[in-house]
There are 4 protein chains.
Amino acid sequence: MAMTVRQQKIVTVAVRLLAERGIQQLTLKNLAAELKVSEPAIYRHFTGKYAILDAVLDSFAEIAQSVLDELPADTMDPLTGIELFIRDRLERMNANPPLAKVMFSEELFQDDPQLAEKVLSIMHSHKVRTETLILRGQAEGKIRPEIDPTVLFRLIFGPLRLLIKQWGLSGYRFELLAEGMKQWRTIRDLIELPGNRPE
Amino acid sequence: MAMTVRQQKIVTVAVRLLAERGIQQLTLKNLAAELKVSEPAIYRHFTGKYAILDAVLDSFAEIAQSVLDELPADTMDPLTGIELFIRDRLERMNANPPLAKVMFSEELFQDDPQLAEKVLSIMHSHKVRTETLILRGQAEGKIRPEIDPTVLFRLIFGPLRLLIKQWGLSGYRFELLAEGMKQWRTIRDLIELPGNRPE
Amino acid sequence: MAMTVRQQKIVTVAVRLLAERGIQQLTLKNLAAELKVSEPAIYRHFTGKYAILDAVLDSFAEIAQSVLDELPADTMDPLTGIELFIRDRLERMNANPPLAKVMFSEELFQDDPQLAEKVLSIMHSHKVRTETLILRGQAEGKIRPEIDPTVLFRLIFGPLRLLIKQWGLSGYRFELLAEGMKQWRTIRDLIELPGNRPE
Amino acid sequence: MAMTVRQQKIVTVAVRLLAERGIQQLTLKNLAAELKVSEPAIYRHFTGKYAILDAVLDSFAEIAQSVLDELPADTMDPLTGIELFIRDRLERMNANPPLAKVMFSEELFQDDPQLAEKVLSIMHSHKVRTETLILRGQAEGKIRPEIDPTVLFRLIFGPLRLLIKQWGLSGYRFELLAEGMKQWRTIRDLIELPGNRPE
DNA sequence: GATGAATGAGCGTTCATTCAT
DNA sequence: GATGAATGAACGCTCATTCAT
């Protein structure tokens, strides 16, 4: 769990390689070259390639959940909660662009059944947490109750994912944060219960 | 352009391998095993692995555009056009599930610059065509005009992509077509200009 | 022995491929492409690659010996005989430049023991015939008798081979025939018995 | 430039394979078998096959030039210089017979344009250096001035090359050094200016 | 005479990993 | 902590050759 500095460095480089050059180029050779050490040196810090990919996924999971964990989930306004989550997401991608190219590429880990399972569980846990917010929003009369929560989830996060992917494919050529928040406000306006925003 | 029967068979198997086992397992050896021929036999039909991947992308492009091409783009009701496109997409995925796992995995082709470029161009052409429909919908007073068309594009296709991805990751465990159309109707109701629906 | 037109054509192309692109590129695929037929078609005319190389060597042997065979070996002036032979050689190379790059590359056939043996026997027979002329020249008082005939052989044909090799490597950029005859005259003057040329 | 012991060993074996079994059998598999390692092991020491062939050529170049470099080119008697060069050449071949089969087989490297170019440049530099000696010999009245220096070059080195080739093809069955020096003396006597040898 | 399709053997190369130092 | 050297397995690909048509 608690990673050494060296391990974190390796994971960071691995994510960058994954993003910039694809899975096929995420080899120990390239990793070692980027880290300016020999290949066997990496085995000091990880038991093998699988362990590195596992740590990469852990870092994704951490990113995905850190905000949600810190929110006072039970009391905070659900729409504000979702907004904070989205903003946090965008800011993290903005600060570490390679993530944008990689984080939603669940297929990349398809090779190993255990890693694929982990990907699913991360996605699932993320979905559960945000759907809780959505459900509470509907219960509290803040989100249109007639929309299926599952659809709502995809309505909120589908465009976000697509936006981030486009940002990555575009070579980070537009302002992710501004565009992302504009898009969120548009969606929020559409799914918010009329009359919710009296203030 | 005009592929032989054997070539089409190879492409089909390649897509399936890509979907089921990932790019790393899309090897000539596995391809040959699936086709029940030796590896060199494949070189009679394609000049190499690159050519196979290229043909796979061509088949994606064809799928993505066939409906849009057949629509009488200028006269048809834009929302109906989008709906037809979405339905066609869902039906094709339903008929060929491996596609669902692969078609939006643009990263898979990142390894080769030419293929990556092709992926971008397919995405772009798809975006241009649907945005044309969106713009006309706004001009004709059928779609909310205050929403940025680019955001509208992501609002429509982001959830669709996410749905298809979930379907693939779930092992095709829900009714893609029903769920997809339900989702589309929800989105349509949100983006449609009030008063457009005379009923 | 008696080759069909098609067989001769194949041998000619084989020699050209050998000269222009080296042994490694003398493949049935390249051969077939040059001949504008499919690969199996070649098996109509030769039993395999070995047979083709064998025929190539036969064509070399034929070239090397044709003049010597036609000379009235016993009566003709030996130095004139050698000169005719050299001139014939130069003219043949001039007329079919690829030969220049290939004909003295005995190593090329090293791969197959039988072909290597054939190369040696061609060289040997050529050596025997010309040494006969040399010996008679010495016996008739026309060539310096104090020089070892074997050395004389290398003195005459070593420079010729080197000249032809340089011509090939230079891309045929000088006048082979003129340069070759000039060189021969120089050598002839050196090995001729003083007093032999009173006329 | 500075090769490791392992690299030199590989080059030596490569030359031997080249000589004994030809370019077609100079495969990594055979190389590895001779070295008693696995094939990938070789990649620790050379980046690939091209690099090995390149090193082989470098070793040829070194052999060809080492003597000429050490000679006090400007002051030494030209004929003695040529003789030293020839003797050195013969001794090196004698000490490392595979060289005899390979060193003049310029065609072997024809497959790769860069290597072919290197072969030419080695030949050229060798020619330039020896022709300098020849020209000085003519200027100093020690070599017949009426003979074209280019012809003289071929007159000296053509027989030498042919001798070495015959030695290799014969399976090293005669005394290369003795035969070579005898041949050189014969040639020297022919090209030396009468009166140069007062003894 | 010729072809399309196929094949076993072999090619140069890269992979993740191990081990002695 | 780190390295140089090595390895078995696998990669994409080309070879000469065969065979049914």
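All values below come from the heavy atoms of this structure, side chains included, with hydrogens, waters and symmetry mates left out. All chains are named by letter (A, B, ...) in the order of the sequence lines, taking the proteins before the strands, and each is independently numbered beginning at 1.
- At the phosphate of dG4(F), neither OP1 nor OP2 sits under 4.0 Å from any side-chain N or O atom of His45(D).
- For residues 46-57 of chain A, proximity to DNA chain F is found at no residue, defined as any non-hydrogen atom under 4.0 angstrom from a strand atom.
- Summarising the geometry, the separation between CD on Glu39(D) and P on dC15(E) is reported as 16 Å, rounded to the nearest angstrom.
- Note on Lys9(C) versus Glu34(C): no salt bridge recorded, every NZ/NE/NH1/NH2 to OD/OE distance being 4.0 Å or above.
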Steps toward side-chain contact (heavy atoms from CB on, under 4.5 Å) verdict (Ile10(A), Leu35(A)): CA-CA 7 Å; Ile10(A) 292 173; Leu35(A) 290 162; 3.6 Å; yes

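- Base pairing analysis places dG8(F) opposite dC15(E); the two distances defining the Watson-Crick or G-U wobble pair are each below 3.5 Å.
- Within a heavy-atom distance below 4.0 Å of DNA chain F, no residue of residues 22-33 of chain D is found.
- Across all strands shown, dT21(F) forms a Watson-Crick or G-U wobble pair, both distances under 3.5 Å, with dA2(E).
- We find that Lys165(A) and Glu106(B) are joined by a salt bridge, their nearest charged nitrogen and carboxylate oxygen being less than 4.0 Å apart.
- Heavy atoms only, all atoms of each residue included: Ile52(B) and Ala14(B) are closest at CG2-CB, 4.0 Å.
- In this structure, dT14(F) and dA9(E) make a Watson-Crick or G-U wobble pair, each of the two defining distances being under 3.5 angstrom.
- For Lys29(D) and Glu39(D), the salt-bridge test fails: no basic side-chain N is under 4.0 Å from an acidic carboxylate O.
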side-chain contact (heavy atoms from CB on, under 4.5 Å), that's the test. Do Phe109(B) and Ile23(B) meet it? Break it down for me. CA-CA 9 Å; Phe109(B) 300 90; Ile23(B) 247 254; 5.6 Å; no

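- Between Pro40(B) and Pro40(A), the residue whose closest nucleotide on DNA chain E is further toward the 5' end is Pro40(B).
- For Ile42(B) and dT14(F), the CD1 to P distance is 13 Å, given to the nearest whole Å.
- Put simply, Arg6(D) has a side-chain N or O that comes within less than 4.0 Å of OP1 or OP2 on dA6(F).
- Residue Ala55(A) comes nearest to Val11(A) through the heavy atom pair CB-CG2, 3.6 Å, listed as atom of the first residue, atom of the second, then distance.
- Rounded to a whole Å, the NZ atom of Lys9(A) is 14 Å from the P atom of dA2(F).
- Put simply, the side chain of Arg44(C) and the base of dG1(E) share a donor and an acceptor less than 3.5 Å apart.
- Contact check on Lys118(B) versus Asp58(B) returns a salt bridge, with a Lys/Arg side-chain nitrogen under 4.0 Å from an Asp/Glu carboxylate oxygen.
- Checking side-chain atoms of Thr4(A) against main-chain N and O of Gln7(A) turns up a donor-acceptor pair under 3.5 Å.
- When each of Lys36(D) and Tyr43(B) is assigned the nucleotide of DNA chain F with its nearest heavy atom, Lys36(D) is the one assigned upstream, toward the 5' end.
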